**Student:** 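I'd like to ask you about the structure that follows.
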Amino acid sequence: MTTPDPAARRVKLAPSILACDFARLGEELRAIQSADWAHVDVMDGQFVPNISFGLPILAAARAASPLFMDVHLMIERPERYLKDFAAAGADGLTVHVEATAHIHRAVQQIKELGKKAGVTLNPGTPLETLRPVLAEVDLVLIMSVNPGFGGQKFIPQSLERIRTVRRWLDELGSPAELQVDGGVGAANARAAVHAGASNLVAGSAVYGRDGAAAGLDRLREALK
Ligand code: DX5
Ligand code: ZN
């Protein structure tokens, strides 16, 4: 029997710009240019109890950085805005199963726009809700906090959820990214990868202390 080896899977790091200094967005994006993706958290004050930013900030980030723009839509009925976010520079669009009655259609729409399609769900939502679209998606995001705010504590039960979805993806032979988002940092990054994550979002762990370069280094060190 083989034990899962995190080093065997090249883990992508996706710093969340939610935690950056927006007055210096261009510099803050340059500071993460050695990362793999930029994670862009869009909140509408309806689906989640907070408003972050929308299309103009994504367009500005797109203009300032060649990084893959990984857009996490925490908005009600995201299908209304998929085309706009694609036009503003998203490379990938991730939608919540709870936010639409038509998750399958939303995933198809993202693919028709030529973008990577992601699906996600809140920590309290049964994993079974994403199973019908699992074979269709390019990314599954396991939320490890309740969405709406940066800087929250990682919910430990998320590791079991990552393990379950890893098993399902492997059974399908799916190459989809398995992303984890919320409270991820040097203390739990390795455990998340051991559980099967291939892609780590981190906001405050990257931007929160002494600059993004140091934050990214700490995460990489933790994964060694
Ligand atoms: C939470 C967002 C996260 C958030 C992560 O609603 O989806 O992407 O920015 O921030 P940290 O890493 O600080 O938990
Ligand atoms: Zn996010």
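Counting convention: from 1, in listed order, for ligands and their atoms alike. Quick caveat, the model's predicted, so the values are computed rather than measured.
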**Student:** Enter the distance from Phe149:CZ to Met43:CE here, rounded to the nearest 0.5 Å.
**Tutor:**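 Result: 7.5 Å between the selected atoms.
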**Student:** Between Glu79 and Arg105, is there a side-chain N and carboxylate O pair less than 4.0 Å apart?
**Tutor:**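 Answer for the salt bridge query: no.
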**Student:** Thinking salt bridges, do Glu27 and Arg30 make one under a 4.0 Å N-O criterion?
**Tutor:**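 No, Glu27 and Arg30 are not salt-bridged.
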**Student:** Ignoring hydrogens and geometry beyond distance, is a side-chain donor-acceptor pair present between Ser158 and Arg163 at under 3.5 Å?
**Tutor:**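 Ser158 vs Arg163: no donor-acceptor pair found between side chains.
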**Student:** When you look for protein heavy atoms under 4.0 Å from ligand 1, which residues do they belong to?
**Tutor:**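 Correct list: Ser16, Leu18, His39, Asp41, Met43, His72, Met74, Met143, Pro147, Gly148, Phe149, Gly150, Gly151, Asp181, Gly182, Gly183, Val201, Ala202, Gly203, Ser204.
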**Student:** Output the distance between atom CG (Leu58) and atom CD1 (Ile17), rounded to the nearest 0.5 Å.
**Tutor:**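 Going from CG on Leu58 over to CD1 on Ile17, the span is 7.5 Å.
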**Student:** Looking at Lys224 and Glu221, does any basic side-chain N land under 4.0 Å from a carboxylate oxygen?
**Tutor:**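 So Lys224 pairs with Glu221 through a salt bridge.
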**Student:** Can you list the protein N, O or S atoms less than 2.8 Å from the Zn ion (ligand 2)?
**Tutor:**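 Short answer, with waters excluded from the count: His39 NE2, Asp41 OD1, His72 ND1, Asp181 OD2.
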**Student:** Step by step, work out the side chain to side chain donor-acceptor pair (under 3.5 Å) result for His39 and Asp41.
**Tutor:** CA-CA 6 Å; His39 185 80; Asp41 285 307; 2.9 Å; yes
**Student:** Donor-acceptor pair, distance only, cut-off 3.5 Å: does the side chain of Asp70 make one with the backbone of Gly92?
**Tutor:**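 No, the answer is negative, given that no donor and acceptor are paired below the 3.5 Å cut-off.
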**Student:** Would you please classify the geometry between the His96 ring and the Phe47 ring as parallel, tilted or perpendicular, with 30° and 60° separating the classes?
**Tutor:**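 Rings of Phe47 and His96: tilted, 30 to 60°.
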